Amino acid sequence: MKHAQQAARFIADEARTDWHDQALWFVREKRDRASHGLPEWEQLREWGARIKEHTLSHIDTYLEEVSEKAAANGVIVHWATDARAHNEIVHGILQKHQVGRIVKSKSMLTEECGLNHYLEDQGIAVVDTDLGERIIQLREEPPSHIVLPAIHLKKEDVGQLFHEKLHTEAGATDPKYLTEAARQHLRANFLQADAAITGVNFAVAETGALVVCTNEGNADMGVHLAPVQIHCMGLEKVIPRQEDLGVFTRLLARSATGQPITIFTSHHYRPKPGGEMHLVIVDNGRSEHLGREGFRNALKCIRCGACMNTCPIYRRSGGHSYQSTIPGPIGSILNPGFDLDAHHDLPFASTLCGSCSDVCPVKIDIHEQLYRWRQYIHDRGKLSRTKRIGISAANVILSRPRLYRLAGKMGRWALARMPRWMIYNRLNVWGNERELPVPPPQSFRDWYQQNRPS
Amino acid sequence: MTVGLFIPCYIDQFYPQVGRATLELLEKLDVKVEYPAEQTCCGQPMANTGGEMASLATYRHFVDTFSRYDYIVAPSGSCTHHVRHHYDVLPDSQALTHVRRQTYDLVEFLVDILKVESLPAYFPHRVGLHQSCHGLRGLRLGHGSERVGEDFSKLAYLLGLVEGVERVSLNRVDECCGFGGTFAITEPAVSVKMGKDRLRDHLSNGAEVLTAGDTSCLMHLEGLIRRQGLPLRVMHLAEILNQPAKTTVAS
């Protein structure tokens, strides 16, 4: 089902749509207050963008450097060309240690690779430990946002879910009570897990540090308790120097949630005594995307989710309407690169208002790329026949003044004289909820020629 | 200095009063204006649907029609933005460079080129200002709420020159109205919902008139207003700036 239909279904519950819109707008406003408190904000964005652009241009060098430094620190480094390779590598590590239970802290990459299902099919129990992630895992649905995975759910929904799965009191909706229940439930899992998996926000090439930014501290808890720790990262997560990190930690938390910094910024360098530490570096379409002129800098993304919070379409259609791991504006420019046939409607799920590009902490020209994807999709014949013919017909009419004037005149004439039922019917999508303009008796041109005789 | 007046296709066909207001306003300011009768459209509707390479004949026609003017002025941030930023797909030529560089939205032409400091206009109404996105974030006619820096709006500045205008404050100062060209038809549910939300913001803050620099936003919003019978009317900013002065009204 296309985004437009999914969105219509979401909006059918208007009160809930308003609630969803307002919940995300609240985050956008928090982000505004946090960023507007820094006079150097635009400078930071510029630095963030430049550092990322530089890194992407020298990605081979920095990836080699980070892998060498990590290996020197005692980390076992793996390279995965795609999702399948990633999952097999992780499974291989777990098999070697005969791991039956793992805990995982938020990683969009493992979501992208479908790691949970893969491991579960191999008989390994996977528990997502971040509250939002755990909620959607219990509901057996994908995240609807990359930072706030359960933002589509109300506390009543969570109360009901926890009552069914964690045996909390029926009808309980108090967030404190529900969170405490989740804590107790997760604590047991932390203690039993034989391995912990986390994502990586930044991998510092010069030191080999793997930096993980979280608010709940679950990544740390998992990593500290389990003998085996596995960090999975997309290859674009590398940054050159330790000193670059400060730019991104300042940008990331403010953009994501309006916090000055995440509660935990953990730098993982080496395995704990007696433990084992793995780094899996994943391509999965990224290097191909790097080769796409006009689209490559989407790989600058630091996964803050600010473009989702600001997007007026995302807020009113929900993350699931995008039917992809990464929804919203950034998802709409990344997903067509990974699977054009599945996602070619996403670049059209935008008014090109440009708010996403202005909110982006690393200055990805998101709305410009949406525009470029539209051209790409048209040029590859992926637009519907009606649209393609419409474009060509419009070009014929609009490049011939007399034809344009005739078409305009006929259109206005028909609109003024046709009975309402002929104009407003199910073929007129505009008119389902909106009136068409009242056709004036004469065009501006006609008026001009009468009133400004040359 | 001769200005070539560019009246976007849908304004020409459906909102001639916006074209008239633009023309009369420029004439009031002693600008020599000509309306080249062969003009049609900038091609944005097709390009935003993905067909810029299938619209080059329309682009070329635009360049041919307007290249003889010192400035090309349109009452539309969106169409201006399109000509300036997206005509780079045409082969380079002097005429193309000239047209892209010299095409101005009415608001920026008034503020940046004519440097208008006063207007003889009177409009005693509560007005809500809609910041059309392509003007705001494309042409930077104002400071978008996402960005950190000095707050300004060229539209608000001009509106402030009109006597009697009481500008209402909005809860969301620059959220998109949901028009988005063909988006209004391909994503009708979201488009309509966005429009309704914009209108609610203006109405709850007491606006009688909703104004913008782009008639396309207003066409969408007006369509909703009329269907729902809301107590709000839409006017292009040019129509407000072109109102007669107070003394004229009194006599």
Side-chain angles (χ1 to χ4, degrees), chain A residues 3-4 7-8 11 14 17 21 25 32 35-36 38-39 41-42 310 312-313 316-317 348-355 357-359 371 374-375 377-379 383 387-388 391-392 394-395 398-399 401 404 408 411-412 429-430 432-437 439-440 442-445 447-449 452, chain B residues 7 9 11-16 19-20 23 35 37-41 43 45-55 57-58 60-61 133-134 137-138 144-149 172 175-176 178-181 183-190 192-195 197 219-220 222-224 226-227:
Chain A
H3 179 270
I11 290 172
E14 191 163 358
T17 305
D21 166 66
W25 184 255
D32 287 352
S35 56
H36 288 238
L38 291 187
W41 180 254
E42 298 301 332
T310 202
I313 287 96
R316 291 174 182 81
S317 61
F348 295 91
S350 163
T351 56
L352 305 180
C353 82
S355 185
S357 303
D358 276 355
V359 90
Y371 178 86
R374 293 181 184 190
Q375 313 308 322
I377 287 159
H378 169 271
D379 296 348
L383 273 192
K387 276 187 190 160
R388 266 182 295 144
I391 288 168
S392 300
N395 185 44
L398 295 172
S399 55
Y404 158 74
R412 279 184 287 119
V429 178
W430 175 280
N432 282 341
E433 294 186 73
R434 287 165 290 209
E435 291 295 303
L436 287 159
Q442 55 181 187
S443 67
F444 173 78
R445 182 181 181 275
W447 175 87
Y448 183 86
Q449 295 203 319
R452 296 289 189 281
Chain B
I7 299 300
C9 52
I11 296 183
D12 176 40
Q13 294 298 325
F14 292 115
Y15 298 94
R20 277 179 62 178
L23 174 68
Y35 173 83
E38 295 304 290
Q39 64 180 276
T40 56
C41 167
M46 297 89 91
N48 279 3
T49 314
E52 67 179 5
M53 295 315 282
S55 309
T58 303
R60 275 193 291 270
H61 179 71
C133 300
H134 290 171
R137 301 192 191 84
S145 59
E146 300 87 1
R147 308 212 317 164
V148 174
R172 298 187 187 178
E175 185 161 73
C176 177
F179 171 66
F183 176 86
I185 295 161
T186 54
E187 289 261 4
V190 187
V192 163
K193 179 63 181 146
M194 285 167 70
D197 290 354
M219 174 167 74
H220 164 66
E222 186 198 29
L224 287 164
R226 282 175 41 225
R227 178 64 61 87

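Chain naming here is simple, since letters A, B, ... match the order of the sequence lines and numbering starts at 1 in each. Treat the numbers as computed from the prediction; the structure is a model and nothing was measured.
B:Phe183 places a side-chain heavy atom less than 4.5 Å from the side chain of A:Ile313. Looking at B:Glu38 and A:Arg445, their side chains come closer than 4.5 Å, going by heavy atoms from C-beta outward. Put simply, the side chain of A:Arg452 does not reach to within 4.5 Å of the side chain of B:Tyr35, judged on heavy atoms. By the 4.5 Å heavy-atom criterion applied to side chains, B:Arg20 and A:Tyr448 are not counted as neighbours. Within the 4.5 Å cutoff, side-chain heavy atoms of B:His61 are placed close to those of A:Pro401. Residues B:Glu222 and A:Glu435 are not in side-chain contact: their nearest non-hydrogen atoms beyond the backbone lie 4.5 Å or more apart. The side-chain heavy atoms of B:Cys9 and A:Tyr404, taken from C-beta on, include a pair separated by under 4.5 Å.
Judged as a side-chain contact (heavy atoms from CB on, under 4.5 Å), and not counting sequence neighbours, the contacts of A:Thr17 are A:Phe10, A:Ile11, A:Arg316, B:Lys193. Judged as a ring pair (Phe, Tyr, Trp, His ring centres under 6.0 Å), and not counting sequence neighbours, the contacts of A:His3 are A:Tyr322.
Taken from CD in A:Glu433 to CZ in B:Arg227, the straight-line distance is 8.0 Å, to the nearest 0.5 Å. In this structure, CD in B:Glu146 is found 10.0 Å from CD in A:Glu42, a value given to the nearest 0.5 Å.
Ranked by heavy-atom pairs under 4.5 Å with chain B, the list A:His378, A:Gln375, A:Arg374, A:Arg412 is led by A:Gln375.
Proximity to chain A (any heavy atom under 4.5 Å) is shown, for B:Gln13, by both the backbone and the side chain. With a threshold of 4.5 angstrom between heavy atoms, A:Gln442 approaches chain B through N, CA, C or O but not through any side-chain atom. Both the backbone and the side chain of B:Ile185 come within less than 4.5 Å of a heavy atom in chain A.
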